[in-house]
Amino acid sequence: MPNTPSLTSPASPALPFPSPVAGHAEGVSNEEFRAAMSRLASGVVLVTAQEPPLDPDDPLAPSGEDVGMTATAFMSVSLDPPLVLVSLRTGSRMDDLLDEQPLWAVSVLSGSQRHIAGRFAMKGRVSDRLLFADIPYRRGEATGAPLVGGALATLECRTEQRVTAGDHTLVIGRVLTASLPSADGGPLAYFRGRYRQLG
C-alpha cells in the first residue's frame, strides 16, 4: 500500500495563514463602516446611574447627580446567570462613572419616548439634573438609578466585567431586577441614523 504523505511531510507544503491586520481593514473607511452598520436596526435604551455622594462618610453631604445616556449597543448575554452588555464610548461620562461604581440601570424605550432618546443623546447638552426634570421616573430599589416611567422594560444591573474594545468599553452587568412597567406600544428602533417606530 503506498505511503500517504502526512501534513508535516515535505510533500505537503504548509498552508499560508493571513497575518493579523492592525487597525481598519485595507480599504474600509470610518464612513463606510458607519454606513454599513447603520443598516442594522437596534433597540434604544436609556442607561442611568447615580453618582455616589460627594462625601460618603457624611450622611448630610449632598448626593451625586443622576446621569443618563442613550444607547443602541445593548444586548442580552446570558440567561444563567442573567447578564446584559452595553457598549460605552471610552472616556464618556457614563464610562467614567461606571468605572467608579458598579450599579446602573436600563430602561427599554417605547416608540412614544423618542424625545427622551434624543434628549440624552445630545452633544454639548445641559446638566443631567435638568434633563431628568420633567421625565417621570422612579428610583430602582437595588441601584438607586432612575427607571423611566412608561418604558417597555426596566433592568437594574451590577457590573461583573469591563472589557476594552477599540474606542469603547463593553460593560457586562448581572441583572438584579427586571420589570415590565408598560405593556402598551411598540419599541423605539434606530435605523439608518434615525429613531423609528415599528408598525
Side-chain angles (χ1 to χ4, degrees), residues 34 38 42-74 84-159 162 167-171 173 175-182 184-197:
R34 282 197 197 97
S38 75
S42 5
V44 183
V45 303
L46 184 69
V47 181
T48 56
Q50 187 179 42
E51 290 180 328
L54 298 179
D55 185 356
D57 298 326
D58 182 359
L60 300 179
S63 59
E65 254 191 350
D66 293 321
V67 178
M69 184 203 82
T70 303
T72 57
F74 175 76
V84 294
L85 178 152
V86 65
S87 178
L88 308 176
R89 182 173 52 81
T90 302
S92 65
R93 186 174 184 197
M94 186 63 72
D95 180 42
D96 290 343
L97 175 55
L98 296 191
D99 190 32
E100 179 183 354
Q101 68 104 337
L103 298 175
W104 46 284
V106 171
S107 298
V108 180
L109 299 182
S110 71
S112 64
Q113 295 177 317
R114 180 186 308 202
H115 63 290
I116 296 176
R119 178 183 297 192
F120 284 90
M122 288 189 303
K123 294 182 179 179
R125 65 194 195 191
V126 297
S127 77
D128 286 85
R129 189 182 305 277
L130 294 177
L131 294 180
F132 280 105
D134 60 350
I135 293 177
Y137 68 86
R138 66 178 178 85
R139 293 209 173 272
E141 295 180 7
T143 62
L147 304 174
V148 176
L152 296 180
T154 60
L155 305 166
E156 294 186 88
C157 308
R158 182 184 65 239
T159 300
R162 290 171 55 88
D167 57 4
H168 276 62
T169 303
L170 307 181
V171 180
V175 178
L176 306 175
T177 70
S179 62
L180 306 175
S182 175
D184 297 330
L188 182 63
Y190 191 70
F191 179 68
R192 297 186 70 172
R194 292 177 55 192
Y195 298 116
R196 301 173 189 265
Q197 292 176 256

Return yes if some donor-acceptor pair links the side-chain N/O of Arg138 with the main-chain N/O of Leu147 below 3.5 Å, else return no.
-> no
Are Thr154 and Pro181 side-chain neighbours, meaning at least one heavy-atom pair lies under 4.5 Å?
-> yes
So, for Pro146 and Ser107, which heavy atoms are closest and what is the spacing to 0.1 Å?
-> O-OG, 4.4 Å
So which of Asp95, Asp99, Thr169 actually passes side chain to side chain donor-acceptor pair (under 3.5 Å) with Thr90?
-> Thr169
Could you go step by step and tell me if Val44 and Arg114 meet the side chain to side chain contact (heavy atoms under 4.5 Å, CB included) rule?
-> CA-CA 9 Å; Val44 183; Arg114 180 186 308 202; over 6 Å; no
Could you grab the distance from atom CG of Leu88 to atom NE2 of His168, nearest 0.5 Å is fine?
-> 7.5 Å
In Å, rounded to the nearest 0.5 Å, how long is the span from CD of Glu51 to CD of Glu65?
-> 6.0 Å
Distance (rounded to the nearest 0.5 Å) between Leu109 CG and Thr72 OG1 | 11.5 Å
Between Gln101 (side chain) and Gln50 (backbone), is there a donor-acceptor pair under 3.5 Å?
-> yes
Nearest heavy-atom neighbours spanning Val148 and Gln113 = CG1-NE2, 3.6 Å
Asp128 CG to Met94 CE distance, which is reported to the nearest 0.5 Å = 7.5 Å
If every non-hydrogen atom of Ala121 is compared with every non-hydrogen atom of Thr70, which pair is closest and at what distance?
-> N-OG1, 3.5 Å
Evaluate the side-chain proximity of Ile135 to Phe120: yes if any heavy-atom separation is below 4.5 Å, no if none is.
-> yes
Hey, could you give me the OG/CG distance between Ser92 and Asp167, rounded to the nearest 0.5 Å?
-> 10.5 Å
Could you tell me which residues satisfy salt bridge (Lys or Arg N to Asp or Glu O under 4.0 Å) with Asp96, sequence neighbours excluded, listed by chain and number?
-> none
Note: Glu156 and Gly144 closest approach over all heavy atoms is OE1-N, 4.2 Å
Check whether any side-chain heavy atom of Asp66 lies under 4.5 Å from a side-chain heavy atom of Tyr137, and answer yes or no.
-> yes
Please tell me if the side chains of Leu103 and Leu176 come closer than 4.5 Å, counting only heavy atoms from C-beta onward.
-> yes
Could you give me the CA-CA distance, side-chain angles and deciding distance for Met69 and Leu98, then say whether side chain to side chain contact (heavy atoms under 4.5 Å, CB included) is met?
-> CA-CA 12 Å; Met69 184 203 82; Leu98 296 191; over 6 Å; no
Which atom pair, heavy atoms only, marks the closest approach of Ala145 to Ala49?
-> CB-CA, 3.9 Å
So, do Val84 and Val175 sit near enough that their side-chain heavy atoms are less than 4.5 Å apart?
-> yes
Flag the pair Glu141 / Thr177 as yes when at least one side-chain heavy-atom distance between them is below 4.5 Å, and no otherwise.
-> no
Atom pair CG/CG of Leu180 and Leu152 - distance to nearest 0.5 Å = 9.0 Å
Going by the side-chain contact (heavy atoms from CB on, under 4.5 Å) test, name the single residue among Thr143, Val86, Leu97 that passes it with Trp104.
-> Val86
